[in-house]
S.K.: 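This is the structure, below, for whatever I ask next.
Ligands are counted one by one from 1 in listed order, and the atoms in each one are counted from 1 as well.
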Amino acid sequence: MAEDFEVKLEKKAYIPAPHYLANSALGNYKEAYNKFTSDPDGFWDEKARELKWMRPWEKVREWNHPYARWFTSAKLNITENCLDRHVNNGRRNKLAIIWRGEDGREEVLTYRQLYRSVMRFANALKSLGVQKGDRICFYMPFVPEHVVAILACARIGAIHSIVYAGFGAEALHSRIRDANAKIVITADVGKRRGKTIPLKSIVDDAVRNAPSVEKVIVLCREKCPLELYSELEVDFYGIQEGMSDECPAEEMDAEDPLFILYTSGTTGSAKGIVHACGGYMVGTHYTCKYIFDIKENDVYWCSADPGWITGHSYIVYGPLSVGATVVITETTPDYPDYGVWWSIIEEFGVSIFYTAPTAIRMFMRVGEEWPNKYDLSSLRIIGSVGEPLNPEAFEWYYRVIGKNRCPILDTWWQTETGMHMITTPLGMPMKPGFAGVPIPGVFADVVDKDGNPVPAGQGGLLVIKGPWPSMMRTVYNNDERYRKYWTQIKDYYTVGDLAVKDDDGYIMILGRSDDIIIVAGHNLGTAEVESALVEHEAVAEAAVIGVPDDIKGQAVKAFVTLVQGYEPSQKLVSELTYHVRMSIGPIAMPNAIEFMDKLPKTRSGKIMRRLLKAKEMGIDPGDISTLEE
Ligand code: PRX
C-alpha cells in the first residue's frame, strides 16, 4: 500500500489586516517557533510560569518513551487558575459565564459567583464521601451548573468523566462501568429543538448493574422539587443546603489525572483518554492566550458541548484560566430558526467565535440571508475545529460571517492531544483548505509509513514528533491501547490522519487514514473527494467511502445531500462525476453517487462513513452508540 501520493494544491491565500499580528500575544510565528525549537523545555517553562502553582517543578519534563511526565513533582490545582487567581486579581466582578437557554432564558455568573458556587458544590460532593481520585460521571444538559460541577470535581481532585447527554443508556452504562464511577450527575431533563429529553430516565437504565455507583445527583429543571424515588438519588441543590462556600483547593500532583474522556474509536469500544492536571492546564492556557489570543475585553463563544474535548479545553478550562467572559448555550443552530446563533453573537457582542465545519456547511445550505439579518460586527476572530474545513466552507465562513475581515483559525487537534496542535496563527496568510502550521510547542510532520518525511505535495501520515504537555497520559484501564499510538511509526505519535504539506510548510488534513481509499494503487483521502463534491453548487454535504472493485481494488462511492432547490437526477450524477474528475483527476471519479436527505453523523457532527460502508457492504456496522438520533 502506498502511504504517499500526489495531491494537487491550490495557491490561494488571504492576508489578514496587519493589526492582528501587531496586537497578537504570540507575535511573529517564525520567531516564536524558533525560540521553541532552540530550547523546548525553556519554552514550556516560561509558559508554565504564567500560572499559579502550589509548588514549582523540578524538571519541565521527563520523557521515557512512550511515557511523559511534565512539571515533575509540581503541585497545583487548576481551579486556582480558573477562579482564585481572577477573584484575587481584579476580575472578581467580571462576567465569567453568560448562559442562554433554548427558551431564551439567560443566566450570568461573575467570577466571584462562579467561585462560590464551585466551592459550595465541592463541599456537597465531599459530604457524599467523594475523595480525591474518585470518578464522577456526568450526563448533564448544557446549563451553568454543568460548569460548576466540573470545576467542583477539579477543586477536590475527583476525576470527571463527562458523557455527552445525547448518548443512549447503553453507551452511558459502559462508560460508567469502565471508569467505576462512584457518582453520576444528571438533570431531570435536557432541552433540544423544543423537545424535552428525559435524561434522568436514561440514567435510571444506565445505572442498573453498575455497582460502583453510590449516588445519582439530579438537577431539577422542571416540576421542582423533584420526587426522588430511590436511596441512590439526591437533589443537586438539596445536597448544598447549609454547605459552606469556602473549600480549599486540593493539592494535586502535576501528573495526577484531571479527567477521563471517552472517545469513540473508528472501530472497537470507546477509549477512556486520560489527561493530567499540570500539563493539560499549561497547554490549554497557552493556546487560549497565544493562539486564540483571548484578551481582557473579548467575549468568547465556543459552540461545542462540554461532553467533547472541545468543551473541556475551550469552553471550561482554557478560557476560564485566562479569565475570559465565556458564552455558553443549550441552543442548537437551527432552532427555533437558523438565526438563533447569529442573534447570540449580536446580542452578547461575541468577539471570538469557535464552531465546526458541519455547522458552517449547514448554514451555507440554508443561505446567507440568515446571518445577514444580524449585526456580526463585534466578531474579531472566527475558528473551526473537528473536521477539515473544505475551501468552499472556508470561503463562505470568511466572507459571510467574518465579513472578509476576521481571520479564521482552523485548529487541528484531538481528544488525545488536549490542545490545539496545528493552525494558522494570527497574522499569517490563510490558505483555504490548509489548517496551517504546527504551533510553537509542537513538532508535527507528514511522513511515509517508515517515518521519513515526504516532500511537499506528497500526501502522507501526520505524526507528532515528541511529547507535549497536554498529551494524553494513558487509555483508562488499557495502557496497551495507549502504547499503540507511539509505536506504529518509529517512535512518533501516530495521529491517524492523512495530510499533505505545501512548500511553505502549511499542512492540509485530508481525513482519517482509516478512511483512506486506495483506487488502483493510489491513495485518496475521503475528505479530498468530498471537498471536490461540495465545491459544486448543488451539493450541501458529501460523504465518500471505498467499495470493493474487481479491477481497481477499491472504487469511490459518494453519498450527497443537495442544496435546497436542486433535485436528484441522472444528469446531476454525470455533472458531479465530471466535476470530481476535473478537480482531482479521473482516479477520484465516483463509480456511484447516491442522493440522501441526511448523512449519518456522530453526535459531535462527524460523518459516520463506517456506517455507510457497512450498509453498502451488507455487514454489521459495529458500535453505533455515537450515532446522532
Ligand atoms: O481527523 C481529525 C479531525 O478530528 C480528529 C479528532 O477528533 P476528536 O478527538 O473527536 O477531536 C475533535 C476536536 C478536537 C482528528 O484526528 N479534526 C479535528 N480538527 C480538525 C480535524 N480535521 C481537519 N481539520 C481540523 N481542524
Side-chain angles (χ1 to χ4, degrees), residues 162-164 167 259-266 270-275 280 283-284 287 291-292 302-315 317-318 354-361 382-391 393-394 397 408-425 430-439 442 444 446 459 461-464 470-472 475 485 493-500 506-516 525-528 530-531 534 543 601-610 626:
I162 304 178
V163 178
Y164 175 63
F167 279 110
F259 64 83
I260 304 170
L261 181 57
Y262 286 86
T263 177
S264 44
T266 29
K271 298 180 269 197
I273 304 298
V274 178
H275 280 285
Y280 180 80
T284 50
T287 44
I291 299 300
F292 268 135
C302 163
S303 71
D305 183 274
W308 313 119
I309 190 67
T310 307
H312 286 59
S313 300
Y314 298 112
I315 293 176
Y317 289 114
Y354 193 32
T355 193
T358 182
I360 298 166
R361 290 193 297 256
I382 53 181
S384 170
V385 59
E387 276 203 275
L389 182 62
N390 49 292
F394 179 102
Y397 197 30
I408 293 181
L409 287 173
D410 176 5
T411 57
W412 178 89
W413 59 294
Q414 304 179 300
T415 305
E416 294 88 334
T417 71
M419 67 170 195
H420 299 154
M421 303 291 277
I422 296 173
T423 192
T424 304
M430 292 165 280
K431 304 189 189 186
F434 287 84
V437 289
I439 65 170
V442 171
V446 183
L461 303 160
L462 183 63
V463 292
I464 311 296
S470 64
M471 62 191 264
M472 69 190 286
V475 173
Y485 283 90
Y493 170 84
T494 302
V495 159
D497 283 358
L498 288 170
V500 58
Y506 277 55
I507 296 172
M508 174 186 282
I509 310 294
L510 299 169
R512 295 291 302 175
S513 57
D514 24 28
D515 289 333
I516 191 169
T526 48
E528 205 186 351
E530 288 161 7
S531 173
V534 173
K601 287 191 187 153
T602 63
R603 296 191 165 85
S604 59
K606 287 196 203 326
I607 296 168
M608 279 186 102
R609 297 177 188 84
R610 182 163 57 83
T626 57

S.K.: What about Asp410: any of its N or O atoms under 3.5 Å from an N or O on ligand 1?
M.R.: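 So ligand 1 has an N or O lying under 3.5 Å from an N or O of Asp410.
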
S.K.: What class does the angle between the rings of Tyr317 and Phe259 fall in, given that below 30° is parallel, 30 to 60° is tilted and above 60° is perpendicular?
M.R.: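 Taking Phe259 first and then Tyr317, their aromatic rings lie parallel (interplane angle under 30°).
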
S.K.: List ligand 1 atoms under 4.0 Å from Ile509, heavy atoms only on the residue side.
M.R.: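 That gives atoms 22 (N), 23 (C) of ligand 1.
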
S.K.: Looking at Thr415, which atoms of ligand 1 are within less than 4.0 Å of one of its heavy atoms?
M.R.: 8 (P), 9 (O), 10 (O), 11 (O)

S.K.: Looking at Thr310 and Cys302, what are the two nearest heavy atoms and their distance?
M.R.: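 Closest heavy-atom pair between Thr310 and Cys302: CG2-SG, 3.7 Å.
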
S.K.: Closest non-hydrogen protein atom to atom 19 (N) of ligand 1, residue and atom name please, with distance?
M.R.: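 Among all protein heavy atoms, the one nearest atom 19 (N) of ligand 1 is Gly386 N, 3.1 Å.
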
S.K.: Using side chain to side chain contact (heavy atoms under 4.5 Å, CB included) as the criterion, point out the one residue from Ile507, Thr423, Val495 that pairs with Trp412.
M.R.: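 With Trp412 as partner, side chain to side chain contact (heavy atoms under 4.5 Å, CB included) holds for just one option, Val495.
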
S.K.: Going by the atom numbers of ligand 1, which of them fall below 4.0 Å from some non-hydrogen atom of Lys606?
M.R.: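 Contacts of ligand 1 toward Lys606, numbered from 1: 4 (O), 7 (O), 10 (O), 12 (C).
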
S.K.: Which residue and atom name correspond to the protein heavy atom nearest atom 18 (C) of ligand 1, and how close is it?
M.R.: Trp413 O, 3.3 Å

S.K.: Using a 4.0 Å heavy-atom cut-off, say whether Pro388 meets ligand 1 through its side chain, its backbone, both or neither.
M.R.: both

S.K.: Could you see which bit of Leu389 sits under 4.0 Å from ligand 1, with heavy atoms only: side chain, backbone, both or neither?
M.R.: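 Neither; nothing of Leu389 gets under 4.0 Å from ligand 1.
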
S.K.: May I ask you to check if ligand 1 and Ser384 share an N or O to N or O distance below 3.5 Å?
M.R.: no

S.K.: Geometry only, no angles: is Thr310 polar-contacting ligand 1 at N/O separations under 3.5 Å?
M.R.: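 No, no N or O pair falls under 3.5 Å.
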
S.K.: Using ring pair (Phe, Tyr, Trp, His ring centres under 6.0 Å) as the criterion, list what pairs up with Trp413, not counting sequence neighbours.
M.R.: Tyr314, His420

S.K.: Over all heavy atoms of both residues, which pair between Thr355 and Ala359 is shortest? Give the atoms and the distance, please.
M.R.: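 That closest heavy-atom pairing would be OG1-CB, 3.8 Å.
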
S.K.: Mind checking the CZ-CE spacing from Phe394 to Met430? Nearest 0.5 Å is all I need.
M.R.: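 One gets 5.5 Å once the value is rounded to the nearest 0.5 Å.
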
S.K.: In the protein, which heavy atom is nearest to atom 24 (N) of ligand 1, and how far is it?
M.R.: Glu387 O, 3.3 Å

S.K.: Taking only residues two or more places apart in sequence or in another chain, which ones pass ring pair (Phe, Tyr, Trp, His ring centres under 6.0 Å) with Tyr164?
M.R.: Trp308

S.K.: Find out whether Leu461 and Leu498 are in side-chain contact, i.e. whether some heavy atom of one side chain is under 4.5 Å from a heavy atom of the other.
M.R.: yes

S.K.: Starting from atom 2 (C) of ligand 1, what is the nearest protein heavy atom, named by residue and atom, and what distance separates them?
M.R.: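 Its nearest protein heavy-atom neighbour is Asp497 OD2, 2.9 Å.
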
